[in-house]
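Remarks on the structure that follows.
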Amino acid sequence: MRLFYFKIKNFFKTLPELFKSTKVKMVYDSDLSNLVESLGIKTKIENGDFLCRFCNVQITLENLGSIQKDVGELRFTCTNLECLSKL
Amino acid sequence: MNWDLVITWGKDILIVIGGMTVFFGFIKGLSDVIPQLGKFKSWFWLQTAERLKNRTLVKNAIASDIETHVNEVVADLQRELPLGWIRKASIEWVTESKENDIEEGEIILRVKPLENQDQNFLAGVYTFFSKALFPRTKEVIPTNVRKAAVLRISHRTISSKKPYLRESFENSFLETAIREDPTIATYLGRYENLDKKGFFTGSFLREIHEIATKTRFTDLRNRMNQEVDEILTHIEGFISQLGVYPARTIPQGGWYRIGPATSYAFMLVARPEHGGVGPYVNRAKERLAQNIERLYVMGAKAEEPFARYVISEIAKLPNYKLVEVFELNKDYRGNTGGIGALFVISQTGVSEEASEA
């Protein structure tokens, strides 16, 4: 009986969790150019100013795999799964 | 022109549009709460996107497919992992942003068209679990311990839901992580052993999270690696005794661990023919007398109703408070399923349940 009460209490406690979500931010391939432009880094990317933080390959619009804010700075990885897995 | 006819048609069209909006809104709402319905939503978007080749539809199809597969697993893990850890995944498409809008540590993943959906899924699952596991204690838990836990959960998820991607995940994510830090391989092996008997998600992750919460602002935070290793060694030692019959050959000290930050004990529940519920309640009282803060009751799948009864009876003890009842991936015998419960010593001496009664 106690377990039943606990479950009922727990159900109402966990009910709000059903409507909460963990957001994963993604940018679609064809929106990438627009995104980097809005971030003000498109020219820098085109000039080859950024490197993949893990394999040091030059980041271009074709091989940009992720953008992350780390210690206040934007950092990038290439599309290589090995580099993405290091995030 | 027959205006009456035009008005009637207009009304009919509006009724159809309104009806469809209500119907799809209802399906969307339902699929948010019931993950299994997400499959239908995902199938619908995929079919439409493939036929019409529209960019917005393709984006919807990708997001829906990743969300559906992640959320299917999330529904299972929600009942297994501590409350509030795992919430359903939702994908937020970013089309433009200011640098200040991106939070510290936040990741924006680039997603490729549908032909690369497998890679999208692998990256999505990994990113989701990296974000979800150990909420609020990420910084306290050593990176290799946390990363190995994320990899273990992701690996289990991918192996069960998309087995054909298992090799790809192992070759990319696992291999890279191990090359980067060889200690991760050791943790992965140890976690797998615990997971085979339900102690990885059942007790280990909960203990680590509890210790990290308690030691956040203490000196012990600098010795988290040592503490994690000692807990792992204790649970491994305990598991190694489980195959030995009878279980009572496990030395008394093997059933519990008293550490610098927390103390916990295990109670395995299976055999109702051995004196009923009484001996289990007495064992719980013994742990109370030892001042063991956290008691894990692990019930075998085959005896789940009896295990529930035992949990219910222990909950009547005034000094142990039932904080969680959870499902197990495997029970301590290695069978799929099982039930677990966590009791913590009540600081007031009277449990919430007892006061309610």
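So you know, we letter chains A, B, ... as the sequences are listed, proteins then strands, and number each from 1.
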Measure the spacing between CD1 of B:I102 and CG of A:L39 and express it to the nearest 0.5 Å. 5.0 Å
Straight-line distance of A:N34 CG to B:E96 CD, nearest 0.5 Å: 5.5 Å
Toward chain B, the part of A:L32 with a non-hydrogen atom under 4.5 Å: side chain
Below 4.5 Å, heavy-atom pairs only: which of B:A132, B:G105, B:S97, B:S172 has the largest tally toward chain A? B:S97
Counting only heavy atoms closer than 4.5 Å, note whether B:D181 contacts chain A via side chain, backbone, both or neither. neither
So how far is it from B:I108 CD1 to A:F76 CZ, rounded to the nearest 0.5 Å? 9.5 Å
For the pair B:E92 (side chain) and A:M26 (backbone), establish whether a donor and an acceptor sit closer than 3.5 Å, ignoring hydrogens and angles. no
Does the pair B:E106/A:K25 count as a salt bridge with the N-to-O cut at 4.0 Å? yes
Need one label for A:T79: side chain, backbone, both or neither, based on atoms under 4.5 Å from any heavy atom in chain B. both
Side chains of A:L35 and B:V94, heavy atoms from C-beta outward: is any pair under 4.5 Å? yes
Please round to the nearest 0.5 Å and tell me the distance separating atom OG1 of B:T176 and atom CZ of A:F54. 10.5 Å
Using non-hydrogen atoms and a 4.5 Å limit, figure out which bit of B:E324 sits close to chain A: side chain, backbone, both or neither. backbone
Flag the one option from A:I41, A:L64, A:L84 with the top tally of heavy-atom pairs under 4.5 Å to chain B. A:L64
